[in-house]
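Presented below is the structure to which this report refers.
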Amino acid sequence: MRRPLRLTTVLATAALAAAGAVVGTAPSEAIVGGSSVKDGGYRFMASVQDADGHFCGGSVITSRWVLTAAHCMTEQDGSTTRPGTLRVVVGRTDLSQTSKGQTLRVDRVRVHPRYAATGTHDVALLHTTRAMRVPAIRLVSTTNNRLERDGARVTVAGWGSEAFGLPFGPSRMKAVRLSVVADGKCTLNSLTGFHPATEICADALGGDSCQGDSGGPLFGTLADGRRVQVGVVSYGVGCATPGFPGVYAEVNNPSTHGFLTRVAGL
């Protein structure tokens with residue numbers, strides 16, 4: 001069992017009580033306010049799968065490397081998932097349409113070296129045995145970081161659960177628009193161990209990522225139309241819980257950015 005994207009209901013309830021928040025007891029929906037993605041949308045998206053099917057998202061950053069979350073690649077005993085148990089599906093908006101896209105085996109898994117000791121730097125890279133025939137998404141530049149500013153409009157997409165606690169998600173990719181939340185405004189997330197140097201927050205009223213979206217990209221669009229990735233789905237309290245934005249590994253953190261560029265040869 002891999003660490004879930006979201007904290008358990010008990011922890012979420014305790015955190016909300018400590019913060020003095022009052023919310024309903026019904027499960028919070030994920031990707032609410034978003035929509036299903038049309039065929040061919042967000043072609044850099046990847047589904048990370050094992051023998052049981054999809055369990056995490058990812059993004060294609062080169063023709064042979066997929067970026068995902070470190071916690072997706074970490075087993076209960078702390079070991080890294082064996083690459084031979086994994087496959088990556090790309091070019092398939094609806095995962096049930098098995099005749100479309102590519103299914104590729106994974107021959108290397110690289111987890112950020114600081115993840116095990118810190119629980120942050122939540123990124124990992126998967127190397128595929130063959131080239132992926134889809135476009136890669138760019139990583140945010142250290143010199144052009146306007147998409148990390150408070151209120152910046154970003155998007156998260158994936159095949160995760162549509163309600164907190166559901167064991168499955170839709171076969172068709174969904175996406176929702178979010179806004180970046182400044183570190184200083186993400187104060188309630190300090191209850192969950194938020195690390196502003198290595199993580200970034202984003203939310204929307206009733207919109208969020210959820211279980212199964214872990215590892216997927218948080219991305220935005222530059223003025224010239226290019227899409228760039230600023231974060232990796234990491235964790236949160238419930239899904240779309242008011243006052244608790246989703247937390248994403250910050251791609252532009254120097255250690256994280258350096259790891260990705262060095263290993264993937266960017």
Side-chain angles (χ1 to χ4, degrees), residues 31 33-47 57-69 88 90-93 101-102 122-123 125-126 128 131-159 172-183 185-186 196-205 207-209 213 215-234 245-266:
I31 317 297
S35 59
S36 296
V37 177
K38 295 180 180 178
D39 286 347
Y42 306 138
R43 296 186 64 221
F44 51 82
M45 291 291 298
S47 168
S59 55
V60 177
I61 61 170
T62 76
S63 64
R64 298 283 291 274
W65 286 101
V66 168
L67 171 58
T68 188
V88 168
V90 296
R92 191 180 301 165
T93 311
Q102 293 174 277
D122 190 6
V123 297
L125 288 166
L126 309 180
T128 58
M132 293 173 279
R133 299 189 299 270
V134 293
I137 189 170
R138 295 172 180 263
L139 300 183
V140 64
S141 165
T142 55
T143 59
N144 188 353
N145 61 357
R146 71 172 183 82
L147 288 171
E148 299 173 303
R149 298 173 186 169
D150 185 42
R153 297 295 286 163
V154 289
T155 298
V156 66
W159 295 271
R172 178 168 287 275
M173 186 195 311
K174 295 187 72 177
V176 64
R177 295 290 299 277
L178 306 174
S179 295
V180 171
V181 178
D183 292 343
K185 296 181 180 179
C186 211
T198 56
E199 297 169 346
I200 185 171
C201 292
D203 70 359
L205 182 62
D208 200 0
S209 48
D213 291 319
L218 181 72
F219 57 93
T221 304
L222 299 178
D224 61 8
R226 289 178 300 163
R227 289 195 178 103
V228 294
Q229 182 170 348
V230 297
V232 176
V233 180
S234 185
V247 181
Y248 300 78
E250 186 176 342
V251 169
N252 218 9
N253 169 268
S255 178
T256 298
H257 201 277
F259 165 77
L260 298 176
T261 55
R262 182 177 64 255
V263 175
L266 296 172

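Counting begins at 1 with the first residue of the sequence.
When all heavy atoms of M45 and A157 are compared, the closest pair comes out as CE-O, 3.2 Å. When all heavy atoms are compared, the tightest approach of V90 to A46 is CG1-CB, 3.9 Å. I137 and R227 make their closest contact through CG1-O, 3.7 Å (heavy atoms, listed as atom of the first residue, atom of the second, distance). The two residues R43 and V134 have their closest heavy-atom pair at O-CB, 3.4 Å. Heavy-atom minimum distance, A197 versus N253: O-ND2, 2.9 Å. Between Y248 and A202, the shortest heavy-atom contact is CE1-CB, 4.0 Å.
Take T128 and apply the side chain to side chain donor-acceptor pair (under 3.5 Å) test, not counting sequence neighbours, and it matches no residue.
Here the side chains of D122 and V232 are not in contact, with every heavy-atom distance at 4.5 Å or above. The shortest side-chain heavy-atom distance between L147 and L222 falls under the 4.5 Å cut-off. Proximity of K174 to S36: side-chain heavy atoms (C-beta onward) are separated by under 4.5 Å at one or more points. Counting heavy atoms from C-beta outward, L218 and V156 have side chains that approach closer than 4.5 Å. Side chains of T256 and E250 form no contact here, defined as non-hydrogen atoms less than 4.5 Å apart.
Other residues, nucleotides and ligands place more than 12 heavy atoms under 6.0 Å from the CZ atom of R153. Within a 6.0 Å sphere centred on CZ of R138, other residues, nucleotides and ligands contribute 12 heavy atoms or fewer.
The OG1 atom of T93 lies 7.5 Å from the CH2 atom of W159; values are rounded to the nearest 0.5 Å. In this structure, CZ in R92 is found 9.5 Å from CD in Q102, a value given to the nearest 0.5 Å. Separation of atoms CZ (R149) and CD1 (I200) is listed at 12.0 Å; rounding is to 0.5 Å. Separation of atoms CG (L67) and CG (L126) is listed at 8.5 Å; rounding is to 0.5 Å. Annotation: the span from D150 atom CG to C186 atom SG amounts to 10.5 Å, rounded to 0.5 Å.
In this structure, a donor-acceptor pair under 3.5 Å is absent between the side chains of Y42 and T155. Looking at T221 and R226, their side chains never bring a donor and an acceptor atom within 3.5 Å of each other.
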- [ ] Apply side chain to side chain contact (heavy atoms under 4.5 Å, CB included) to the pair L125 and I61, showing each step before the final yes or no.
- [x] CA-CA 10 Å; L125 288 166; I61 61 170; 3.6 Å; yes
Task: From CA spacing to verdict: side chain to side chain contact (heavy atoms under 4.5 Å, CB included), D39, R172 - done: CA-CA 9 Å; D39 286 347; R172 178 168 287 275; 2.9 Å; yes
Open item on the list: Show, in sequence, the C-alpha distance, side-chain angles and deciding distance for Q229 and F44, and conclude whether the side chain to side chain contact (heavy atoms under 4.5 Å, CB included) test is met.
Closed with: CA-CA 10 Å; Q229 182 170 348; F44 51 82; 6.0 Å; no
Task: side chain to side chain contact (heavy atoms under 4.5 Å, CB included) evaluation trace for D208 with D203 - done: CA-CA 6 Å; D208 200 0; D203 70 359; over 6 Å; no
